[in-house]
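What follows is one structure encoded as structure tokens, with my remarks underneath.
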Amino acid sequence: MTHTKQKVIAIDGPSASGKGTVASRVAAALGFDYLDSGALYRLTALYAQKQGAAWNDEYAVAALAQKLPAVFSDGLILLDGENVSEAIRTESIGMGASEVAQFPAVRAALLQRQRDFLTAKGLVGDGRDMGSVVFPDAELKIFLTASAKIRAERRARQLGLPCEGVAFDRILSDIEARDEADRRRAVAPLVQLPDALLLDTSDMGIEESVKKVLDWYAEI
Ligand code: DC
């Protein structure tokens, strides 16, 4: 019996690697939907904060994740009707997302919700465990990364900060700390799977990275 592959491109990689931009552009080019799975973990952290649940309280956070009142619509992310598209992007909520994401109950609570993003249109999903856990039968799996320094520079430019000095050093150390947490956790750690293609974008622009993914997809 041949194993049916899911019409999914799974793009996993570390924080600030640019995978979100690449994934959403690939989705637009192919007419697929796009799943920003990190946003679900960020929303969970923000929702916990708003509801007064501590990020290290696995079961309280999982219960909130289960009923997360989040809506993705027209490029906006709403939580309980409030536009939180920017509020979930802070470094502090990123750290909170990383903390809640280490708990099996939280990951389990968000699993089906992520799978529900897949329709007949096809899906590009980005995160840490798209290829390993959420869509193990994805047609194409990619591990997208860049060096920590390059990722810190991209983040600094996004924030309008110089690529040197105290603020920059802080960004770099935050990125390294989050990489470490995402790689070392026991559940669904960030790893390059044996069946994932490596895309190192340290010396590549967005267009080139998008083209590479589209070329790979055309080849399968
Ligand atoms: O991709 P991001 O920076 O928005 O992700 C925020 C955090 O969520 C990240 O530190 C790890 C976690 N995450 C995860 O554990 N699994 C995913 N599929 C996506 C994100």
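By convention here, the first residue in the shown sequence is residue 1. Atoms within a ligand are numbered from 1 in the order they appear, just like the ligands themselves.
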Heavy-atom proximity to atom 16 (N) of ligand 1, best of Gln102, Arg107, Arg89, Arg42: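 Nearest option to atom 16 (N) of ligand 1, by heavy atoms: Arg107.
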Element-labelled atoms of ligand 1 that are located less than 4.0 Å from some non-hydrogen atom of [X]:
X: Ala97; result: 6 (C), 7 (C), 8 (O)
X: Lys19; result: 1 (O)
X: Met130; result: 18 (N)

Structural part of Glu91 in contact with ligand 1, heavy atom criterion under 4.0 angstrom: neither
Within reach of ligand 1, part of Asp182 (heavy-atom separation under 4.0 Å):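 Only the side chain of Asp182 comes within reach of ligand 1.
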Residues which pass side chain to side chain donor-acceptor pair (under 3.5 Å) with Glu139, listed by chain and number, not counting sequence neighbours: Tyr217
Between [X] and [Y], is there a side-chain N and carboxylate O pair less than 4.0 Å apart?
X: Asp80; Y: Lys50; value: no
X: Arg178; Y: Asp174; value: no
X: Lys149; Y: Glu153; value: yes

Option passing side-chain contact (heavy atoms from CB on, under 4.5 Å) with Thr201 (candidates Ser147, Ser209, Ser17):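 With Thr201 as partner, Ser147, Ser209, Ser17 yield a single side-chain contact (heavy atoms from CB on, under 4.5 Å), made by Ser209.
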What protein heavy atom sits nearest [atom], and how far off is it?
atom: atom 10 (O) of ligand 1; result: Arg178 NH1, 2.9 Å
atom: atom 12 (C) of ligand 1; result: Ala101 CB, 3.7 Å
atom: atom 8 (O) of ligand 1; result: Tyr41 CB, 3.5 Å
atom: atom 20 (C) of ligand 1; result: Gly38 CA, 3.5 Å
atom: atom 1 (O) of ligand 1; result: Arg128 NH1, 2.9 Å
atom: atom 19 (C) of ligand 1; result: Ser37 OG, 3.4 Å

On a heavy-atom basis, which atom in [X] and which in [Y] lie closest, and how many Å separate them?
X: Asp12; Y: Met130; answer: OD1-N, 2.8 Å
X: Asp200; Y: Ala146; answer: OD1-CA, 3.8 Å
X: Arg107; Y: Val187; answer: CD-CG1, 3.8 Å

4.0 Å heavy-atom contact, Met95 with ligand 1: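 Not so, Met95 does not reach ligand 1.
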Over 12 non-hydrogen atoms of neighbours within 6.0 angstrom of CG in Asp203: no
N or O contact, Asp129 vs ligand 1, cut-off under 3.5 Å: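 Asp129 vs ligand 1: N/O contact under 3.5 Å present.
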Test of proximity, Arg185 against ligand 1: N or O pairs below 3.5 Å: yes
Without placing hydrogens or testing angles, list every side-chain donor-acceptor pair under 3.5 Å for residues 157-166, not counting sequence neighbours.
residue, atom, partner, partner atom, Å
Gln158, OE1, Arg155, NE, 3.4

